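Notes for the one structure printed next.
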Amino acid sequence: MKIGILVGMENTFPPALIEKINGMNAGVTAEYVKIGGVKMGEPTPYRLIFDRISHDIPFFRSYLKNAVLNGAIVVNNPFWWSSDEKFFGYSLATKLGIAVPKTVLLPQKSYKQGVTDASLRNLEFPLDWDGVIEHVGLPAILKPHDGGGWKNVYKVHSKEELWECYDRTGALAMMLQEFIDFTQYTRCYCVARREALVMPYDPKNRRYLPQEELKTIPRDLRDRMIRDTILINEALGYDLNTVEFAIKDGVPYAVDFTNPAPDADIWSVTEPYFNWVTDAVARMLVDYAKNSKPTSAYHRWYKLLSPEAALEMAEFALGAAVGASRVARKSSDAIAEVIEEITEPIKPKRARKTGGKGAKTSFKMDKKGKAGKTGKAGKTHGAKPDKSAKKHN
């Protein structure tokens with residue numbers, strides 16, 4: 001049984017993870033994934049694939065979805081990952097009762113080629129910037145609705161500064177978010193949606209702090225951050241993620257928590273945290289490879305892919321077709337009845353013999369039942385014309 005590791009530029013976490021898994025002697029081996037041209041519907045040789053890079057490489061994301069369709073387990077689920085973005089995450093957190101900063105999604109500054117004013121007719125113009133700022137407050141954080149790595153993030157102190165930064169964002173969809181003037185800050189690893197590690201973090205200098213710094217945070221506050229971290233990841237369906245909390249007045253605000261490929265490099269997270277996440281992820285991947293259902297089991301179309309389900313679907317389709325046929329017949333009968341009610345009955349034409357041998361004179365009936373004689377020229381004498389009749393050229 002094999003685990004495939006799909007990686008980007010990182011050089012410390014992946015090899016340490018492979019070494020850890022292969023040293024567990026659990027009947028599972030790990031190696032780097034090698035991918036060439038991918039045939040549709042072709043299964044992967046890996047029972048599980050651990051994804052660290054598909055968010056930057058669309059080819060890898062498509063490959064992983066195909067692997068899921070053919071029975072592989074993928075961490076993190078590429079379908080969930082594709083559908084999520086940060087603004088959705090904040091909206092979800094509010095529904096879960098988790099404290100998050102006030103956030104407003106903003107229309108893009110510009111759009112890709114081909115988008116015209118007609119494409120944007122649903123947008124309010126001009127935007128109520130004063131209302132947005134009043135809701136969020138200043139200073140505020142302007143950042144992409146689906147970004148990461150602290151890219152294109154601005155702290156703004158006025159409407160003019162907001163406009164200046166907004167004008168630089170191009171086609172990025174941005175959010176304006178309340179700035180939490182925190183006194184403490186943490187980043188929490190979450191593995192397998194059941195293990196969480198709270199790490200003191202300095203966002204200004206982007207560095208992790210020793211565990212001793214946690215002593216200044218009350219135990220109940222740490223427990224709340226662990227609870228919120230696990231709850232968020234259970235809701236998002238992520239098996240590896242980080243959640244960042246800005247603590248103000250004893251409240252941990254979740255300010256960033258859609259990081260399905262979180263930083264795990266030993267030189268940035270430091271050795272103690274690196275060792276913890278390497279060990280926890282190795283145990284998770286081996287456990288999933290040996291004991292978990294394929295990732296496809298979490299999707300609606302999974303039930304349609306098994307042989308048993310195929311037979312059930314065939315029977316369902318047959319039943320639906322018979323039902324549709326019956327409905328169609330009933331509809332047809334109903335329509336016929338309506339047509340019969342709203343149309344005049346057509347009376348048959350009658351032939352009448354005249355004095356001349358073999359000669360016939362035809363009669364046309366008007367609405368009052370009066371007959372008019374039609375001569376050779378086709379004109380009707382004595383019959384009133386139907387004014388409602390349509391003319392046809």
Side-chain angles (χ1 to χ4, degrees), residues 8-9 37-38 40 51-66 68-69 74 76-95 100-179 235-238 241 254-261 299-301:
M9 296 185 292
V38 181
M40 62 181 182
D51 174 24
R52 299 285 294 167
I53 190 60
S54 72
H55 56 288
D56 283 336
I57 312 293
F59 167 73
F60 287 160
R61 181 62 58 84
S62 192
Y63 161 77
L64 290 173
K65 289 179 178 179
N66 183 70
V68 167
L69 188 63
V74 177
N76 282 295
N77 186 321
F79 290 92
W80 294 171
W81 197 342
S82 297
S83 63
D84 288 336
E85 32 81 6
K86 293 184 182 296
F87 183 72
F88 167 77
Y90 292 120
S91 298
L92 175 63
T94 62
K95 299 294 185 181
V100 293
K102 296 174 184 177
T103 306
V104 175
L105 180 68
L106 301 174
Q108 295 161 228
K109 169 63 181 178
S110 61
Y111 299 84
K112 64 181 181 181
Q113 187 175 2
V115 174
T116 66
D117 290 344
S119 306
L120 306 174
R121 66 184 70 185
N122 294 102
L123 291 181
E124 176 186 275
F125 186 84
L127 184 67
D128 181 12
W129 287 102
D130 291 331
V132 170
I133 292 172
E134 182 180 0
H135 176 72
V136 171
L138 291 172
I141 302 297
L142 179 68
K143 62 183 182 181
H145 87 301
D146 62 350
W150 297 84
K151 297 176 182 178
N152 302 294
V153 176
Y154 308 91
K155 185 177 180 181
V156 297
H157 300 81
S158 66
K159 181 166 68 174
E160 291 71 26
E161 189 177 2
L162 169 60
W163 283 348
E164 181 184 348
C165 295
Y166 176 75
D167 284 345
R168 291 186 239 154
T169 62
L172 294 174
M174 304 295 287
M175 303 179 295
L176 189 66
Q177 187 171 80
E178 175 188 9
F179 172 71
L236 291 172
Y238 290 154
N241 192 18
V255 295
D256 189 19
F257 46 86
T258 47
N259 304 296
H299 299 277
R300 293 180 62 188
W301 38 259

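Bear in mind that the values here come from a model prediction, so they are computed numbers and not experimental data. The figures here come from the full heavy-atom set of this structure, side chains too, leaving out hydrogens, waters and symmetry mates.
We find the CZ-CZ distance between F60 and R52 to be 14.0 Å, quoted to the nearest 0.5 Å. Once rounded to the nearest 0.5 Å, the distance linking CG of L105 with NE2 of H145 reads 6.5 Å.
A donor-acceptor pair under 3.5 Å links the side-chain atoms of D51 to the main chain of I53, judged by distance alone. The backbone N or O of A118 sits less than 3.5 Å from a side-chain atom of R121, completing a donor-acceptor pair. E124 places no side-chain N or O within 3.5 Å of a backbone atom of L127 that could act as its donor or acceptor partner. Side-chain atoms of T169 do not come within 3.5 Å of backbone N or O of C165 as any donor-acceptor pair. Remark: the backbone N or O of D146 is not paired with any side-chain donor or acceptor of E85 at under 3.5 angstrom. Although no hydrogens or angles enter the test, the distance criterion places no donor-acceptor pair under 3.5 Å between the side chain of Q177 and the main chain of I141.
Within a 6.0 Å sphere centred on CD of E160, other residues, nucleotides and ligands contribute more than 12 heavy atoms. Residue D128 places its CG atom among more than 12 non-hydrogen atoms of other residues, nucleotides or ligands, all under 6.0 Å distant. More than 12 heavy atoms of other residues, nucleotides or ligands shown are found within 6.0 angstrom of CZ on F59.
Listed by chain and residue number, W129 satisfy the ring-ring contact (aromatic ring centres under 6.0 Å, His included) test with Y166 (two or more places apart in sequence, or in another chain). Remark: Y238 engages no residue in a ring-ring contact (aromatic ring centres under 6.0 Å, His included) (not counting sequence neighbours). Partners of Y63 by side chain to side chain donor-acceptor pair (under 3.5 Å), not counting sequence neighbours, listed by chain and number: T44.
Using cut-offs of 30° and 60° on the angle between ring planes, the pair Y90 and F257 is perpendicular.
Annotation for L138 and K159: closest pair CD1-N, 4.3 Å, computed over non-hydrogen atoms. Taking both residues in full, the closest heavy atoms of V255 and K143 are given as O-NZ, 3.2 Å, listed atom of the first, atom of the second, then distance. Here the closest non-hydrogen pair linking P101 and T103 is O-OG1, 2.9 Å. For the residue pair P144 and L172, the shortest heavy atom distance occurs at CG-CD1, 4.5 Å.
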Working note: R61 + W81, criterion side chain to side chain contact (heavy atoms under 4.5 Å, CB included); need CA distance, chi angles, decisive distance, verdict. CA-CA 9 Å; R61 181 62 58 84; W81 197 342; 3.4 Å; yes
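Between D256 and N259, some side-chain heavy-atom pair lies under the 4.5 Å cut-off.
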